[in-house]
Number of protein chains: 2
Amino acid sequence: MAGMNAKADKISDLTINRLSVYLRCLHELWAEGARTISSQGLADRFNLNSAQIRKDLAYFGEFGVRGLGYNIEELRNHLIKILGLDRPHNVGVLGAGNLGNALANYDGFSPGKFSVVALFDTDPGKIGRRLPSGVEVHNMDEFASIASELAIDIVAIAVPARVAEAALDAVVDAGIKAVLNFAPIRLQGRPGVKINHVDLLVSLEGLSHFLSIRPMLAHASAASDE
Amino acid sequence: MAGMNAKADKISDLTINRLSVYLRCLHELWAEGARTISSQGLADRFNLNSAQIRKDLAYFGEFGVRGLGYNIEELRNHLIKILGLDRPHNVGVLGAGNLGNALANYDGFSPGKFSVVALFDTDPGKIGRRLPSGVEVHNMDEFASIASELAIDIVAIAVPARVAEAALDAVVDAGIKAVLNFAPIRLQGRPGVKINHVDLLVSLEGLSHFLSIRPMLAHASAASDE
DNA sequence: AATTGTGAATTCCTTCACAGCC
DNA sequence: GGCTGTGAAGGAATTCACAATT
């Protein structure tokens, strides 16, 4: 049990999110025929500092070669491992409304790594429906048994805000540890459960704020990106 | 022109995003019949420090009353003003795929503040279609004229990654200054244009990472929330 | 007595700058 | 010579703690 690669410790979400971005970039570079890349080369692709990339990677091991940079295939494999993408993840979507359906049909998830395997709803009119993709809408009451049957390990909450907390209770009770919340509400954290928020209203209101101060920025230089 | 309320200056996105969350909470409190709230009362609703809330608000003025807290209606009006929600915003959606359609039909945006008024696509098979909501799918070539006609001030990019950069060019050329990007790609910033990213893959991979380190956290305390 | 607004302290994150290695 | 890995410096965001105010 001698720790070979330091993991878990206290690595920030910011770092993890960037690893995700690096990985995506490595896929592109590989497709372009590149086989090696320097931290500076990666940094140029986004608006990042090369030291930041090196630091991010260094949390997990020494993946580079001094004087040469990083081997793309090797680094890619490391990142896949670190991000837990070396095994598939089955996603259950709560709420078969517009958003839930879009998620179930969305094919933008990296090929094969994340699959939406079931929708859940409480509306009898929706239960039993089957999407073009073959995914079925189940009764929310059956969440626990179906989640276990289909090996669901990630849940996306796409229900109205007022029932989101109750929905979270149900999935946490069923042993789910990873949740992606789309409901416009700040869900109370549960111990041992990771909740990532996708909050469209917050994002839109950030843009709205920007538009309202923009006239005041007038001649001054205006900033951009996230 | 004596600056009555200090705005714009250098306020971080983190602060602006929290204002959005506070505002949502004020709506709820108001609906519950509350008429006044302390920073501590607000802080208890999320996992926040009360000093943070006071600091966030203090950037924009002195809205509270010592000893009493904040008047909910008054603070709400201030936040609405600060976030530019005192006038409506028209959103154009690029890409009439699953995600684009879901956005166009999504009614979760705060009542009336943001309206999706048009979809745009390059696929002749989709152009001309009209959604149940009445929103029409236009030819992307006509973006500039229709955006101006419909007074679109915010664009959501929901096209495949490989054409996202070109799509951004088109909207920026048409004078759009605020963009919500759903494509899994880090768009290059443009001067004077604010781009917010909603990156589902990054969010999912963050969850995947958490699941893969979770077994190692074992008996140790496991953390949560975003 | 209660609660704000805020300087000071702290913690967290990023960038610099360079020793170490290929 | 070029590039990584990293200690040290710098900067940003958060939290503390308390004087000011009602």
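A note on names: the letters A, B, ... follow the listed sequences, proteins ahead of strands, and every chain is numbered from 1.
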Item to complete: Assign the ring pair His89(B) / Phe114(B) to parallel, tilted or perpendicular, where the plane angle (0 to 90°) is split at 30° and 60°.
Response: parallel
Worksheet item: Would you say the base of dT4(D) and the side-chain of Arg66(A) have a donor-acceptor pair closer than 3.5 Å?
Response: yes
Worksheet item: Where does the chain B footprint on DNA chain C start and end, counting 5' to 3' with a 4.0 Å heavy-atom cut-off?
Response: dA2(C) to dA8(C)
Practice prompt. Applying side-chain contact (heavy atoms from CB on, under 4.5 Å), run through Val155(A) and Phe143(A) and close with a yes or a no.
Written response: CA-CA 11 Å; Val155(A) 162; Phe143(A) 178 80; 3.6 Å; yes
Non-hydrogen side-chain atoms of [X] and [Y] separated by less than 4.5 Å:
X: Thr15(A); Y: Lys55(A); result: no
X: Leu187(B); Y: Ile157(B); result: yes
X: Phe182(A); Y: Leu103(A); result: yes
X: Lys81(A); Y: Asn77(A); result: no

Worksheet item: Roughly, in whole Å, what's the span from CZ in Phe60(A) to C1' in dG5(D)?
Response: 15 Å
Worksheet entry | Atom-to-atom span, CG of Leu57(A) to P of dT6(D) - whole angstrom | 12 Å
Worksheet item: Residues from residues 30-46 of chain B sitting under 4.0 Å of DNA chain C, heavy atoms only?
Response: Ser38(B), Ser39(B)
Fill in: Step-by-step side-chain contact (heavy atoms from CB on, under 4.5 Å) determination, His78(B) to Leu57(B)
CA-CA 10 Å; His78(B) 278 299; Leu57(B) 298 177; over 6 Å; no
Worksheet item: Along nucleotides 9-18 of chain D, 5' to 3', which nucleotides get a B, which get an S, and which get a -, given that the test is a protein heavy-atom distance under 4.0 Å?
Response: ----SSBBB-
Worksheet item: Are OP1 or OP2 of dG2(D) and a side-chain N or O of Tyr70(A) less than 4.0 angstrom apart?
Response: no
Tell me whether [X] is salt-bridged to [Y], with the criterion being a basic N under 4.0 Å from an acidic carboxylate O.
X: Glu28(A); Y: Arg186(B); result: no
X: Arg190(A); Y: Glu165(A); result: yes
X: Arg214(B); Y: Asp153(A); result: no

